[in-house]
Amino acid sequence: MMLILPMGLIATTLAIAPVRFDREKVFRVKPQDEKQADIIKDLAKTNELDFWYPGATHHVAANMTVDFRVSEKESQAIQSALDQNKMHYEILIHDLQEEIEKQFDVKEDIPGRHSYAKYNNWEKIVAWTEKMMDKHPEMVSRIKIGSTVEDNPLYVLKIGKKNERRKAIFMDCGIHAREWVSPAFCQWFVYQATKTYGRNKIMTKLLDRMNFYILPVFNVDGYIWSWTKNRMWRKNRSKNQNSKCIGTDLNRNFNASWDSIPNTNDPCADNYRGSAPESEKETKAFTDFIRSHLNEIKAYITFHSYSQMLLFPYGYTSKLPPNHKDLAKVAKIGTDVLSTRYETRYIYGPIESTIYPTSGSSLDWAYDLGIKHTFAFELRDKGKFGFLLPESRIKPTCRETMLAVKFISKYILKHTP
């Protein structure tokens, strides 16, 4: 199908040269006390710091590992300020552009064949969804649940026996555009589920009794932008009223204590919550789909990166959910199972105390809606590469994550009504 774009739009898009990150650095700082934490916050006021971990300035606290990106121009001043205040820091990445280019370290296996060892752009992912339907018509169907601001389709793949209403698990990837290893996992899951059905005992049992709904890329516009214009882009691409700044953080846009955490109301910030809960087309399409399938969806799993964590509710309060013992048990065994393959260590716990407080997240929204088993994976790594995990690490990451996802799925099959 040919898409005819208005000439003006093509001209504007082409006019924007892709952002380069030559000699930009990523610092890791560990503030020893509140005073040092405040120094980082002050530096963020006067310099453009892109927080990789935690996701925003206001989360910075004593004894927390803080990773942020800084331009070549500002890096000298930042380093001097850290030295002057005798703060512990290391430079994780010395030249960001170099690391971006080094990500693609896997050679194409067979041209024209979808590769699960490489990062795939949106065009390739769409072609892949069609291929999966053609190859496994009895098991894979594609549902268009809506479209994005830029009119890209939002596709969910349903894996399982046709026309049967059974327990289901919903999984999504790529809600934050720059977290590329996340969509790579959703592709891997679909590939492995279809390939090993009838061969692998666990997968066969799961697919005989359950359905999986997979949203391979939640934030399609942002993902495309991260491939074509700005590798570090996180939000979607919607226009904000009375602001030149583009985009909403889709994972702050859900009606789960929306806007209860301060500092998410700046349209120029990476964690902007949007003008209202579900103000974004992507969020709305997702929530409508979940609501209409609520009687069958027994678990919701969302995939992010990075930091090697398995999280469960809540993010907006330190109050623990009623079934937190059950969630903690599943998360503990899940992380143990994950580590059996390559000894990769994950930590687990509620979002609020394990990573940092968040409001308006998909995880808390799904839980409050009534899906009592909701989990978020923060995939590899712990910061050496951050969002730029090399392609050579995709397969190991997917293989170990698959073990945990299979365990959670078995648990859901056995223990949910």
Side-chain angles (χ1 to χ4, degrees), residues 53 65 116-117 119 159 169-176 179-193 195-196 200-207 210 212 214 216 298-313 315 323-351 353-355 362-363 366-367 373-416:
Y53 186 91
T65 298
Y116 296 93
Y119 291 120
I159 320 289
I169 293 178
F170 191 102
M171 305 196 314
D172 65 50
C173 292
I175 198 166
H176 289 141
E179 297 169 11
W180 284 7
V181 73
S182 163
F185 177 74
C186 271
Q187 292 162 66
W188 177 266
F189 179 87
V190 174
Y191 165 61
Q192 286 298 320
K195 183 182 141 185
T196 63
N200 174 286
K201 213 167 102 185
I202 297 169
M203 194 50 92
T204 306
K205 183 180 173 180
L206 289 172
L207 289 171
M210 296 178 93
F212 289 86
I214 317 286
K298 303 296 174 190
Y300 166 64
I301 311 174
T302 179
F303 296 87
H304 291 250
S305 74
Y306 62 98
S307 58
Q308 295 174 199
M309 295 176 178
L310 182 49
L311 305 165
F312 49 84
N323 66 332
H324 79 95
K325 281 189 177 146
D326 189 30
L327 293 172
K329 181 175 87 175
V330 175
K332 184 200 183 305
I333 302 171
T335 53
D336 286 348
V337 167
L338 184 146
S339 71
T340 58
R341 187 82 199 238
Y342 303 104
E343 297 184 2
T344 309
R345 295 282 160 222
Y346 268 55
I347 60 169
Y348 65 91
I351 306 171
S353 57
T354 312
I355 189 164
S362 67
L363 197 69
Y367 185 87
H373 289 88
T374 67
F375 298 96
F377 279 86
E378 291 280 351
L379 300 173
R380 292 194 194 185
D381 60 0
K382 289 178 86 68
K384 181 177 180 340
F385 300 106
F387 301 120
L388 305 175
L389 196 71
E391 288 178 327
S392 51
R393 313 283 171 111
I394 293 174
K395 276 191 177 176
T397 303
C398 290
R399 284 194 185 111
E400 66 193 10
T401 308
M402 194 71 175
L403 297 174
V405 171
K406 275 176 156 175
F407 163 73
I408 294 170
S409 306
K410 276 196 309 185
Y411 186 89
I412 298 303
L413 185 60
K414 193 173 171 184
H415 296 281
T416 57

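Within the 4.5 Å cutoff, side-chain heavy atoms of Ser362 are placed close to those of Tyr300. Two residues are said to be in side-chain contact when any heavy atoms from C-beta on lie closer than 4.5 Å; Phe170 and Lys298 fail this criterion. Put simply, the side chain of Gln192 reaches to within 4.5 Å of the side chain of Met402, judged on heavy atoms. Residues Val190 and Tyr116 have side chains not in contact (no heavy-atom distance under 4.5 Å, counting atoms from C-beta outward). Pro350 has its side chain within reach of Thr354: a pair of non-hydrogen atoms, C-beta onward, lies under 4.5 Å apart. A 4.5 Å side-chain heavy-atom check between Ile394 and Cys398 finds at least one atom pair inside the cut-off.
Thr416 and Tyr411 are not linked by any side-chain donor-acceptor pair at a separation below 3.5 angstrom, with hydrogens and angles left out of the test. Counted by atom type alone, Ser339 and Arg345 present one or more donor-acceptor pairs between their side chains at under 3.5 Å. For the residue pair Asp336 / Tyr346, no side-chain donor-acceptor distance below 3.5 Å is found, with atom types taken as modelled. Inspection of the His373 and Asp326 side chains reveals an N or O donor paired with an N or O acceptor under 3.5 Å.
A side-chain donor-acceptor contact under 3.5 Å links Asp381 to the backbone of Gly386. Side chain of Glu179 to backbone of Ile175: no donor-acceptor contact under 3.5 angstrom is found. With hydrogens and angles ignored, the 3.5 Å screen pairs no side-chain donor or acceptor of Glu391 with any backbone N or O of Ala117.
A perpendicular orientation is assigned to the rings of Tyr306 and Phe387, their planes being inclined by more than 60° (bins at 30° and 60°).
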Test log, rule side-chain contact (heavy atoms from CB on, under 4.5 Å), inputs Leu311 and Ile351: CA-CA 6 Å; Leu311 305 165; Ile351 306 171; 4.1 Å; yes
Derivation of the side-chain contact (heavy atoms from CB on, under 4.5 Å) call for Met309 and Ile355: CA-CA 8 Å; Met309 295 176 178; Ile355 189 164; 3.9 Å; yes
Check against side-chain contact (heavy atoms from CB on, under 4.5 Å), Glu400 and Lys395: CA-CA 9 Å; Glu400 66 193 10; Lys395 276 191 177 176; over 6 Å; no
Stepwise side-chain contact (heavy atoms from CB on, under 4.5 Å) check, Thr302 with His304: CA-CA 7 Å; Thr302 179; His304 291 250; 3.6 Å; yes
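Of the inter-residue distances, the one linking Trp180 atom CH2 with Leu379 atom CG reads 16.0 Å to the nearest 0.5 angstrom. One distance of note links OG1 of Thr344 with CG of Leu403; it measures 10.0 Å at 0.5 Å rounding. How far NZ of Lys406 is from CD1 of Ile202: 5.5 Å, rounded to the nearest 0.5 Å. Atom-to-atom distance recorded for Thr397:OG1 and Leu389:CG is 5.0 Å, nearest 0.5 angstrom.
Contact record, Pro216 with Cys173: O-CB, 3.4 Å, taken as the closest heavy-atom pair.
Every residue two or more places apart in sequence or in another chain that forms a ring-ring contact (aromatic ring centres under 6.0 Å, His included) with Phe303 is listed here: Phe185, Phe377.
Taking the six-membered ring for Trp, Phe212 and Phe189 have ring centres closer than 6.0 Å.
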